[in-house]
A.B. asks: 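After the structure tokens below, expect a handful of questions from me.
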Amino acid sequence: MIKFLDLNKQYRSIKNEIDHVIADVIENSSFVAGPYLGQFEKAFAEFQKADFCVGVGNGTDAIEIALESLELPEQSEVIVPANSFIASSEAVTRSNLKVVFCDCDPETYLLDIDDLKNRITDKTSAIVCVHLYGNPCPMDELLEISKQHDLKLIEDSAQAHGAEYKGQRIGAIGDIGTFSFYPGKNLGAYGDGGAIVTNSKELADRCRMIANHGRVDKYIHEFEGRNSRLDGLQAAILNVKLQSLDSWIEKRNNVAKAYLAGLSDIKGLVCPDVKRDNRHAFHLFVVQTDRRDELRKFLGDLGIQTGVHYPISLTELPAYAYLKSDSSPKVASRMSNTLLSLPIGEHLDDEDIVSVVRSVQTFFRS
Ligand SMILES: *Cc1c(COP(=O)(O)O)cnc(C)c1O
């Protein structure tokens, strides 16, 4: 069996340290706030090369809180790529803003710059770009568009911890960036967790207050906020895992390299486009083929687990039926039928990698 994700194997590799810090948090009752949270926020800001980091409850809240901190005009329009997880757009609607979907680029699967430009109106106030699968968005273009149209730029980096755009870690390239520590992400907690990074002290302070009841002191609340905090246990676990994250990302890149070497020349299969200037975090290794369902079954029968990210583009979801129109993104909905995520992660050994490559090659020979 070649697993898509193996959190148990990862745990066993760091069990001693993890067990130790969990016991320590409980021993010290550092459940909310406390030293582990401060330590993690500092370490994660450093890791992402951002000035500030605020831990929050999960990656969806992170986007909502980031949007709220930007104080965008109510019901103004926020552009979100149609190929993403629903959190990217849900956070927009939940924040009293209007979501506008833009299409994605068939080669990078990321938001399509030309289509995005076409969807900007005088009501547009922000862009949520998604570094999908761990692949950095074209930030130069996005920064230029944002500047030109006076838009805020939020980086949904839930899948891209440690990814780099032209040598710069993503997250704080735009105004503000958000992360998820959902267990299956490249940096995953043992429950829900999230974070916001930014180089703006003002935004960081505001996010921290929003996430903690608008609080300035225990019972002094400057405004109504909410409760969305990264708890001490998760922070302690993330501190341990953060030590290994760069090496795990390297391992993911090595798997990707082997896949690209073995699969790039196959007719009928499109491999991800890797820009040499960037560091891809390879949260997912996503190929495209018209024979997606057939290939998925073939690999499944051989014990190779795969995934589909995402089987339905956001515009096609019942939740967004109200937005559907003739100008709805077409590429994203077409691609949702051809995308297939091959197993990738530090849990794979050389034999697994060879086996995946050989199996895909065999499928396309038949
Ligand atoms: C996982 C994910 C989120 C949401 O994170 P949660 O921690 O599950 O709330 C947001 N955006 C993208 C692109 C994601 O993959």
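Scope of the values below: all heavy atoms of this structure, side chains included, with no hydrogens, waters or symmetry mates. Just so you know, ligand 1 is whichever comes first in the structure, and atom 1 is the first atom listed for that ligand. The shown structure was predicted, so the numbers you read here are calculated from the model rather than taken from an experiment.
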A.B. asks: Out of Tyr133, Tyr310, Phe285, which one pairs with Tyr109 under the ring pair (Phe, Tyr, Trp, His ring centres under 6.0 Å) rule?
C.D. replies: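 With Tyr109 as partner, Tyr133, Tyr310, Phe285 yield a single ring pair (Phe, Tyr, Trp, His ring centres under 6.0 Å), made by Tyr133.
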
A.B. asks: In terms of residue, atom name and distance, what is the protein heavy atom nearest to atom 9 (O) of ligand 1?
C.D. replies: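 So the nearest neighbour among protein heavy atoms is Thr60 OG1, 2.5 Å.
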
A.B. asks: Using heavy-atom distances, let me know which of Ser180, Ala195, Gly134, Ser89 sits nearest atom 8 (O) of ligand 1.
C.D. replies: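 Closest candidate by heavy-atom distance is Ser180.
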
A.B. asks: Inspect the contact between Glu164 and Lys49 and indicate whether a charged nitrogen and a carboxylate oxygen are less than 4.0 angstrom apart.
C.D. replies: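 No, no charged N to carboxylate O under 4.0 Å.
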
A.B. asks: Enumerate the atoms of ligand 1 whose separation from the nearest heavy atom of Ser84 is less than 4.0 angstrom.
C.D. replies: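 It comes down to these atoms of ligand 1: 13 (C).
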
A.B. asks: Do any nitrogen or oxygen atoms of Asp156 come within less than 3.5 Å of a nitrogen or oxygen of ligand 1?
C.D. replies: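 For ligand 1, there is an N or O atom that lies under 3.5 Å from one belonging to Asp156.
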
A.B. asks: Taking distance alone, with N or O pairs closer than 3.5 Å, would you say Gly59 contacts ligand 1?
C.D. replies: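 There is such a contact, yes.
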
A.B. asks: Atoms of ligand 1 less than 4.0 Å from Ala158 heavy atoms?
C.D. replies: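 Reading through ligand 1 atom by atom, the close ones are 2 (C), 3 (C), 10 (C), 11 (N), 12 (C), 14 (C), 15 (O).
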
A.B. asks: Enumerate the atoms of ligand 1 whose separation from the nearest heavy atom of Val130 is less than 4.0 angstrom.
C.D. replies: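 This gives 13 (C) as the contact atoms.
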
A.B. asks: Distance alone, cut at 3.5 Å: any donor-acceptor contact between the side chains of Gln48 and His161?
C.D. replies: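 No, no side-chain donor-acceptor pair sits under 3.5 Å.
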
A.B. asks: Is there a heavy atom of Gly194 sitting under 4.0 angstrom from any atom of ligand 1?
C.D. replies: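 Gly194 does not count as a contact of ligand 1 under the 4.0 Å cut-off.
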
A.B. asks: Thinking salt bridges, do Lys166 and Asp140 make one under a 4.0 Å N-O criterion?
C.D. replies: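 Salt bridge between Lys166 and Asp140, a charged N being under 4.0 Å from a carboxylate O: yes.
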
A.B. asks: Identify the closest protein heavy atom to atom 15 (O) of ligand 1: which residue and atom is it, and at what distance?
C.D. replies: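 Minimum-distance protein heavy atom for atom 15 (O) of ligand 1 reads Gln159 NE2, 2.8 Å.
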
A.B. asks: Evaluate the side-chain proximity of Asp61 to Arg226: yes if any heavy-atom separation is below 4.5 Å, no if none is.
C.D. replies: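 They are in side-chain contact.
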
A.B. asks: For Tyr165 and Asp277, which I'm curious about, is there any donor-acceptor pair between the side chains at under 3.5 Å?
C.D. replies: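 No, Asp277 and Tyr165 have no side-chain donor paired with an acceptor closer than 3.5 Å.
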
A.B. asks: State plainly whether the residues Lys251 and Asp246 are in salt-bridge range, i.e. N to O under 4.0 Å.
C.D. replies: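 A salt bridge is absent here (no side-chain N lies under 4.0 Å from a carboxylate O).
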
A.B. asks: Inspect the contact between Lys9 and Glu346 and indicate whether a charged nitrogen and a carboxylate oxygen are less than 4.0 angstrom apart.
C.D. replies: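 Looking at Lys9 together with Glu346, the answer is no, because their closest N to O distance does not fall below 4.0 Å.
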
A.B. asks: Which residue supplies the protein heavy atom nearest to atom 10 (C) of ligand 1, what is that atom called, and how far is it?
C.D. replies: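 The closest heavy atom on the protein side is Ala87 CB, 3.4 Å.
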
A.B. asks: Which heavy atom of the protein is the closest neighbour of atom 2 (C) of ligand 1, given with residue, atom name and distance?
C.D. replies: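 Ranked first by proximity to atom 2 (C) of ligand 1 is Lys185 NZ, 2.6 Å.
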
